[in-house]
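These notes are about the structure you will find just below.
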Number of protein chains: 2
Amino acid sequence: MTYVVGLMSGTSLDGVDIALLDITEPDGHVSTKLIDFETVSFQASIVDEIRQSLSMERSDSRLICSLNFKLGVLFAECVKMICSKNGISASELGVIGSHGQTIFHQPEQVGDFAASTLQIGEPAVIAYETGATVVSNFRTMDMAAGGQGAPLVPFTELLLYRDPKKNRLLQNIGGIGNVTVLPHAATLDQVFAFDTGPGNMIIDDLMQRLFNRGYDESGEIAESGTVNQALLAECMKNPFIKAPIPKSTGRELFGKEYTDHIFTTYSHLPAEDLIATMTMFTARTIVSNYEQFVFPKMTIDEVIVSGGGSYNKTLLRYLAELLDGKCAVLTQEDIGYSSDAKEAVAFGLLGYETLHRRPSNVPNATGAREHVILGNVTYPPLKY
Amino acid sequence: MTYVVGLMSGTSLDGVDIALLDITEPDGHVSTKLIDFETVSFQASIVDEIRQSLSMERSDSRLICSLNFKLGVLFAECVKMICSKNGISASELGVIGSHGQTIFHQPEQVGDFAASTLQIGEPAVIAYETGATVVSNFRTMDMAAGGQGAPLVPFTELLLYRDPKKNRLLQNIGGIGNVTVLPHAATLDQVFAFDTGPGNMIIDDLMQRLFNRGYDESGEIAESGTVNQALLAECMKNPFIKAPIPKSTGRELFGKEYTDHIFTTYSHLPAEDLIATMTMFTARTIVSNYEQFVFPKMTIDEVIVSGGGSYNKTLLRYLAELLDGKCAVLTQEDIGYSSDAKEAVAFGLLGYETLHRRPSNVPNATGAREHVILGNVTYPPLKY
């Protein structure tokens, strides 16, 4: 039995996700129990500094150097908080897996700039302040091996969600949608993953413009609208949907410019219909990708949805309707996991794997040439 | 027997120093043999990018992210080159200790900017490309423990230069002068270190202005001049010389403004006399510090000089005259070591210590609260 903490702070700058795990390894099979999960918001001053460090105009080496240490202190405080809440000393942790804050991520070379990635949140500070061993900087080794440094969750999905009999799809619906295909009793070589297209990105952007809200809570606005078939048909012509796998996308395809176009061209439609149509668009891109790249290879038993989109009941209903009984549509919570905690759990588990010197990227998902041991190990002072 | 490579690239941007070592540990005593040493110059384009990343106006997160990976590739090439030259496969190395290129180092908090340090040269790239385990980012853990992150060489000086019977001073004369005090059979607690004042900084600056040369080769210009006692007396009033230890200094005290003052106020003196006087000034600050902080505590047998200043024969003669037979004045080469290789050797050895999970900072030298294990460990792919 090993206590492990996983730390994740994403590009949304919501704060730090902290998962406290108990990992056991009876007969060589890693088993993970989520003991506790917390999200700690960033102070406004830290959000400012992160935004500054993300800006090409306002970032510089001094800011990045200083913020790396400040985030280390903050991450250490998060670890100590969740340990203290659960009556554990942080120095009892077997390992802390810390993703860090991404300051830059460029999976391909662009002009003079090398393919590279940079996460900050100094592991030496975390290790010193907590008394625990830290594994951090997970994405760099996958990129050194020619991969895109993302997604890194598929390996942990294999450990956590592999079923001896069921073929499962792990569909994450964040800003972008991405799926991990997990055949029953799969080996690492049989796992593959790709982006399916938009997740909540277009819906959220339109909700902001039309309703001054960050997202469509429970999918209630979509529920009250009607899908416009002309708009949906236009959207479905996007070449990304039929592009071969592996594939990945982001704001460059379904970001502000995309929404601008819909917002102006279809401004005559009722606001609710726009939301309903974009919700259906997300569902259709997901199912279309399954039909092209998954169903011809295997029958799927369960689609397990995570991410903010898993709380959108209309989106889940659309998905179930389109799948037409081919497979069950479940949420993380339906099978006893936490959607919110998923990434923090993943980085705790990746830290555990690296501590045991085991490789944990999935080349079919990242495009890396080989399995590699992710991240680097920082030791606490010996007094612990 | 373990092959180890140490990599160092300093703020002078001369290039990468590469030391290939053979480390043995018979009866628990670490013994280091320098097999080979090379310096590889940086390409002009890399020097440009490093300068850009050192500039607050021109650095940004994208540049630092990209340069971190480019330097990783370059460092890996250096390792492979020295291994191939010596008939060794890089994947046979027990460890690579890589200092990295310092992009920012701020030992104390300044305004909103945290005390912090940042070295780049991605260890994942070095480990992947060479097939060897890499230890890097040595300075951060000492700073996490409240230290200044420098100097880190004293621990390796203890391992390499400790004598069972002789009390030794290791005097480095780079831009700044610094000394490590190494009593016979010393334990870590008995070692201390501090900056003595200017090294070659003022001499080099004046050589550039007066003779259009980078430095006073062998001390020949100083040799042809006469020490001006009035100027020397004024210089010796500098409060740093009598400041209590531990103390450290840099360009803020003996940099361009300092030389400007001498250059304008003493412009009537022959150029050779200015050089001779500043050479004597360096020698006097060193000996004055010994008289205040070392000689009252112990008799010193040997002063072992390293750094560019060890090639300045006039400076060594001045030192010997001022010490007046109290102790022998030797160079690294006199005792079978290489002055040029000293820092690269140090980081190879520090990497070796971290690989064995042994602490290697010297709190008396850095001001850290305790002994800590420096740096983080990055593993190569398992195929090696």
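Bear in mind that the values here come from a model prediction, so they are computed numbers and not experimental data.
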Distance check, rounded to the nearest 0.5 Å: [X] atom [atom1] versus [Y] atom [atom2]?
X: A:N137; Y: B:N137; atom1: CG; atom2: CG; value: 8.0 Å
X: B:S66; Y: A:Q109; atom1: OG; atom2: CD; value: 8.0 Å
X: A:C65; Y: B:Q119; atom1: SG; atom2: CD; value: 8.0 Å
X: B:Q52; Y: A:D60; atom1: CD; atom2: CG; value: 12.5 Å
X: A:L63; Y: B:L118; atom1: CG; atom2: CG; value: 11.0 Å
X: A:S45; Y: B:D112; atom1: OG; atom2: CG; value: 8.0 Å

Looking only at heavy atoms, which two atoms of [X] and [Y] are closest? And how far apart?
X: A:K70; Y: B:A114; answer: CG-CB, 4.0 Å
X: B:A144; Y: A:A124; answer: CB-O, 3.7 Å
X: B:L382; Y: A:I373; answer: CD2-CD1, 3.9 Å

Show the numbers, then the answer: is there a side chain to side chain contact (heavy atoms under 4.5 Å, CB included) between A:Y128 and B:M143?
-> CA-CA 10 Å; A:Y128 183 80; B:M143 290 194 69; over 6 Å; no

Measuring heavy-atom distances to chain A, does B:T140 have an atom under 4.5 Å in its side chain, in its backbone, in both, or in neither?
->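 Contact with chain A is through both the backbone and side chain of B:T140.
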
Can you tell me which portion of [X] sits under 4.5 Å from chain B's heavy atoms? Options are side chain, backbone, both or neither.
X: A:E129; answer: side chain
X: A:R369; answer: side chain
X: A:S61; answer: both
X: A:T102; answer: neither

So, do B:V372 and A:Y379 sit near enough that their side-chain heavy atoms are less than 4.5 Å apart?
->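 Contact flag for B:V372/A:Y379 side chains = no.
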
What option among [options] has the most heavy-atom pairs under 4.5 Å with chain B?
options: A:A145, A:P381, A:P359; value: A:A145
options: A:K383, A:M56, A:R357; value: A:R357
options: A:E57, A:E370, A:R58, A:H371; value: A:E370
options: A:T378, A:N68, A:I103; value: A:T378
options: A:E122, A:E49, A:Q106; value: A:E122

Count the heavy atoms belonging to other residues, nucleotides or ligands that lie under 6.0 Å from CD of A:Q43, then report whether that count exceeds 12.
->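 Result for CD/A:Q43: open.
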
Steps toward side chain to side chain contact (heavy atoms under 4.5 Å, CB included) verdict (A:T117, B:F69) = CA-CA 8 Å; A:T117 189; B:F69 271 62; 4.3 Å; yes

